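This one's a predicted model, so the numbers in the text were calculated from it and none came from an experiment. Here is the naming used below: chain letters follow the sequence lines, and residue numbers restart at 1 for every chain. The figures that follow rest on heavy atoms only: side chains count, while hydrogens, waters and symmetry mates do not.
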Protein chains: 2
Amino acid sequence: MAGIEEVAQKAGVSTATVSRALSGRGYVSERTRNIVQSAASELGYVVSSTASGLASGRTRNIGVVVPLLSHWYFANVVEGAETALLRRGYDTTLYNLTGGEAERRSVFTHFLLRKRVDAVIAINLELTADEVSALHDLRKPLVGIGGPIPDVPTLELDDFQVAKLATSHLTSLEHRRIAHIGGGREFDVDFHLPTTRRRGYESALADAGIAIDDALVRTADFTMKGGYVAAKQLLGSPANRPTGIFAASDDMAIGAILAARDLGLSVPNDVSVVGVDDNQQAPFFDLTTVAQFPKRQGETAVDLLLAELGESIAKPTELTLPFELVVRGSTSRPQD
Amino acid sequence: MAGIEEVAQKAGVSTATVSRALSGRGYVSERTRNIVQSAASELGYVVSSTASGLASGRTRNIGVVVPLLSHWYFANVVEGAETALLRRGYDTTLYNLTGGEAERRSVFTHFLLRKRVDAVIAINLELTADEVSALHDLRKPLVGIGGPIPDVPTLELDDFQVAKLATSHLTSLEHRRIAHIGGGREFDVDFHLPTTRRRGYESALADAGIAIDDALVRTADFTMKGGYVAAKQLLGSPANRPTGIFAASDDMAIGAILAARDLGLSVPNDVSVVGVDDNQQAPFFDLTTVAQFPKRQGETAVDLLLAELGESIAKPTELTLPFELVVRGSTSRPQD
DNA sequence: CTGAAAGCGCTAACAT
DNA sequence: ATGTTAGCGCTTTCAG
């Protein structure tokens, strides 16, 4: 375990120069840098992050906080962020808040404050003013993904437009009876995603001159099963069966497709289905959906954060996340 | 940002005592400890992990290395590990190796060596002797999940018995024509999981006096689509259609169920299907499967590791991971 | 059981 | 462009 001293000796320079050569801060001649770098790699020298962190106040470690790692979306955001960070020489320290209020509090009052991280990415978390200011007091930059947090730059998906796009796809195919499977009230905490998506759906209907029919709106829990159950209700009703369904997630949309099949209805001939996400299963089920790009979201958050930390990175100016309609085989004009 | 000095002052003791009181190492009287603790919490003092790490050589941070975070299994193992670590006051630093050989090398020759972590959990990675000894030279304990690594304690699932259990479930229901959808050669690197599961399948058949028929063995890529395609082949063949299918993962098993449906075959009446994993979708598809418990696997790895680090934790003695047959509606006696 | 003081290994003025 | 040196904020001997 060689130390900086040995590298300095071997390279015939001072430890300060070694530090400068290896970290890239301060002036070092090309020549010296090369000498130092080869000395370091010959000795297998790697800086001690604790020593460097103590001396400089920078750890090259970013905290990433998620509500539930085992969910497709979060795992992908984290994966994207981790990859981008690693490429820049940063470590990723993960905080998964599945353990309830006490765990969340301990993360924010203890773990994030012990100066292990230079900055924090908060995914889909509505941070309290206290949580934000504790971090700001420590001069830790903070960026959010998924919804507005006061005083924090946040990457947001325009859920209204996403829903409107999905629904408009159906109206443009001349569907008139379009159902919506959205999220229940229990998912409306934090950033009101279910309500916003529902409003987008309604707006698209309004644009097409279609009256809103509450009987065509169901709520579920974002799972396949929830979508299945809701779709059974919608499609089983003898009168007024919808010819199109907009589900607020791919999982629910896939549930709806399976429900249609079980009722002997053909997708898309009898009923068209659109989802949101473009998750792993969407291509297999040939699902038309509005894609969002969680990995890229993680990368963008990293760019934003590192730019704030003063790394030479073009700071993303657009904080609105991209989305895109992916048309596959689950939608078509209504039959007859 | 109070420092240890201020806490010491407020509590009327030396910084050494504060350190001992807060870290729990060394003797401190009950009374003093209480005084120190309240002084610390009143001041909002949290130790600086860099300073503490530099002075003590311990970071209270564990590195977790996975091949692909966005996969159900890995996300769950990491989630289990993170939860267990957080409870013990440890941070989790994540390394996701999706970026290929260069990334892997940089993680092992650089990131893991800069003394940011006290120990490493390697999930489903066949570490080279060099990788292992680099870590051992730094006195970093290492535990593996998923396959044997020389000189490293590793939690292993007995894939042979898992496959045998799944297949025996079918033979015990008196199926005689049992197909297997396994993993292809490209998944046989690292720990030879596909081969081992196939041997378990064959062993169960042998026990039941059933001859092995290569026409009933297909390989796929562990996805729904792969399972679907393989099952279509198996179930579409006019002669010799199997009455049971053992798929080496739930995703492939679900693909097989969907293939059967598309052929107009009923599950389980015309064909029974068993998977491995008990993943999130398994209950919805009413899939009989051999469950493994990734979250618990992560927790067990943490217990093993922290015991090696000298934390007061009962060291798990059983390094073989539990599994369990979960019988749902996708299997029954063959009809006729 | 507690205090004094010497580092832990590096970085960042400051000087040259 | 490089060297000198004083810390960074703790932990841990060693004394008492």
Is the shortest side-chain heavy-atom distance between A/Asn96 and A/Phe74 below 4.5 Å?
no
Could you encode protein contacts along nucleotides 11-16 of chain C as a string, one character per nucleotide from 5' to 3', using B for base contact, S for sugar-phosphate-only contact and - for no contact, with a heavy-atom cut-off of under 4.0 Å?
BBB---
Hey, does A/Tyr90 have a side-chain heavy atom less than 4.5 Å from the side chain of A/Val302?
no
Among C/dC1, C/dC8, C/dA4, which nucleotide sits nearest the side chain of B/Leu54?
C/dC8
Quick check: do B/Tyr45 and B/Leu22 have side-chain heavy atoms less than 4.5 Å from each other?
yes
Take atom OH of A/Tyr27 and atom C1' of D/dG3, then tell me their distance rounded to the nearest Å.
17 Å
Nearest whole Å is fine: how far is D/dG9 P from B/Glu5 CD?
11 Å
Answer with base, sugar-phosphate or nothing: what part of the nucleic acid does B/Thr32 contact at a heavy-atom distance below 4.0 Å?
sugar-phosphate
Interface residues of residues 108-120 of chain A with DNA chain D (non-hydrogen, below 4.0 angstrom)
none
Min side-chain heavy-atom separation B/Val66-B/Val77 under 4.5 Å:
no
Could you tell me whether the side chain of A/Tyr95 reaches within less than 4.5 Å of the side chain of B/Asp91, counting heavy atoms only?
yes
Measure CD/B/Gln9 against P/C/dT2 and give the value in whole Å, please.
18 Å
In whole angstroms, how far is the C1' atom of C/dC1 from the CG atom of B/Asn34?
15 Å
Are the side chains of B/Leu125 and B/Val65 in touch, meaning some heavy atoms are under 4.5 Å apart?
yes
D/dG9, OP1 or OP2 - any side-chain N/O from B/Thr50 closer than 4.0 Å?
no
Should the heavy atoms of other residues, nucleotides or ligands under 6.0 Å from CD of A/Glu311 be counted, would the total exceed 12?
yes
Flag the pair A/Lys10 and A/Glu42 as a salt bridge only when some basic side-chain nitrogen lies within less than 4.0 angstrom of an acidic carboxylate oxygen.
yes
